[in-house]
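Structure first, commentary second.
Protein chains get the first letters and strands the later ones, always in sequence-line order, with residue 1 at the start of each. Fair warning: this is a prediction, and the values are worked out from it, not measured in the lab.
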Amino acid sequence: MPTDSQHSNYHPPALEFKSTTFSAPVLVLANNDVIIIEHQLQEKIQLAPEFFKNSPVVIDLQELNKQKLDIDINELVNMLHSLDFLPIGIRGATTQQLNKALDLSIPAHTGQNQALLIDNTKPQPAKPIPTAEDSASPERTTLIIQPIRSGQRIYAHGDLIVLAQVSAGAEILAEGNIHVYGSLRGRALAGVQGNIEARIFCSDLQAELISIAGTYKISEDLTEMVRNRPVQICLQNNTLTIKDL
Amino acid sequence: MARIIVVTSGKGGVGKTTTSAAIAMGLAKRGHKTAVIDFDVGLRNLDLIMGCERRVVYDFVNVINGEATLNQALIRDKNCNQLYILPASQTRDKDALSQEGVGRILDELKKDFKYIVCDSPAGIERGAFLAMYYADDAFIVTNPEVSSVRDSDRMLGILSSKSRRAEHNEEPIKEYLLLTRYSPERVKLGEMLSVDDVQEILSLHLLGVIPESKSVLNASNSGTPVILDEKSDAGQAYADVIARYLGEDRPHRFIDEKKGLFGKLFGSK
């Protein structure tokens, strides 16, 4: 062992850089009044409070700068933090706006892929800098144990597991897979962001509509062979296929 | 601790007001001080069913607007001194009810009463929303036919997502099913959904099945809650509902003529 410590070259690498792409929501601003923006954001948040909590966001100022409207970056970022957003970048900004953003540890996206790193020479107040994993908004599984009643609508960003029934007139949507362990009588849409690998699993198929990545079947298309049975539904060659479980 | 009960359904004409009058009277007859409030502002009916329409001076909206005190507006029932009625206004509409005002009145009633029964209007708009918003328990009144069941399901969704308890992440509203206008003969002929059919969709705690009965119409016309007609099947069914709500074990009597089925239904929640 002593020899190893003398020759640090023999240590296996503790880190490596890799290039990868993440999808993150972009906040495109069309108005430079922070109060109006805050108001309208709050309305959006109310629609899906859990979705936006600690959500990473890239600020896009292209539209504003086209109209030659300046915006107070400090005020904007403070407002976003107060609404539990985590700004992870800015794009379409002027040099002045970029510098202000860098002061706040917000990296600039000047081009499609190019990100300027934070200028570490400036003293920074300790701020949580979202890691790459945060900005990837890791897939979360949503678990529902109560019946989903007619008129209710559930959206899951990852997989959705429902342990109770889904009533006729209800709608469940997931970016990932959907599992329903009660009767599925409402609408079930999996892979709503275009994931063609997504599947729907259910123990009793009576759905009004089933869809994977936009390809759908309505109740009338379901044959008696699959109705009221435990099945899985997946996409094969762009065709919705229903198989026994 | 006072409990607020909402009697609701989504669909109209299923027997909400009849049920509100019957259960309010039933609870009061058992010695619990009970108030029943008509939330159907603009289409008041509860005072007719309770037979107190000629004694209405002030109403719910007057109290909300501070034009009358609660004590001035509450009408004591002539059959039972533990029961009070807060009638709806005939001349106003449901916009006259404010969430804050309703909350204030319910808080005031809670100090004095053991049970507060809210008779919800049909629909899922403002009146129905305010009737259920502060509730602790919900009696879902459903007729054995598909559109009523669908509307009840919708209402259950609203109870579990928009009520005060849901908004404050408290223990959810306790939901009970009351199947009204049930006719075992027509179920047998396949003209009506059976208890099992309804339960397959709603899966709720079944508090009672009220048979289709002439006595309900007679009771409404004479302004006495049907529960007071102790000889009638509907009156007895409502008495059972009250007993079950208060925690007593009673077999279901009006689901089928054959007794073998009772045990079976009891087992299935």
Reported [atom1]-to-[atom2] distance for the pair [X] and [Y], which is rounded to 0.5 angstrom:
{"X": "B:Leu156", "Y": "A:Gln152", "atom1": "CG", "atom2": "CD", "result": "9.0 Å"}
{"X": "A:Ile148", "Y": "B:Ser161", "atom1": "CD1", "atom2": "OG", "result": "11.5 Å"}
{"X": "B:Leu202", "Y": "A:Ser167", "atom1": "CG", "atom2": "OG", "result": "7.5 Å"}
{"X": "B:Ile158", "Y": "A:Arg149", "atom1": "CD1", "atom2": "CZ", "result": "12.0 Å"}
{"X": "A:Gln165", "Y": "B:Ser203", "atom1": "CD", "atom2": "OG", "result": "4.0 Å"}

Heavy atoms of other groups near [X] [atom1], more than 12 under 6.0 Å:
{"X": "B:Arg181", "atom1": "CZ", "value": "no"}
{"X": "A:Asp244", "atom1": "CG", "value": "yes"}
{"X": "A:Gln62", "atom1": "CD", "value": "no"}
{"X": "A:Ile145", "atom1": "CD1", "value": "no"}
{"X": "A:Arg187", "atom1": "CZ", "value": "no"}
{"X": "A:Ile35", "atom1": "CD1", "value": "no"}

> Would you say the side-chain atoms of B:Asp153 pair up with the backbone N or O of A:Ser150, donor to acceptor, closer than 3.5 Å?
Replying inline: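 Yes, B:Asp153 side chain to A:Ser150 backbone: donor-acceptor pair under 3.5 Å.
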
> Relative to chain B, which of A:Gly169, A:Gly182, A:Ala168 shows the most heavy atom pairs under 4.5 Å?
Replying inline: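 Option with the greatest count: A:Ala168.
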
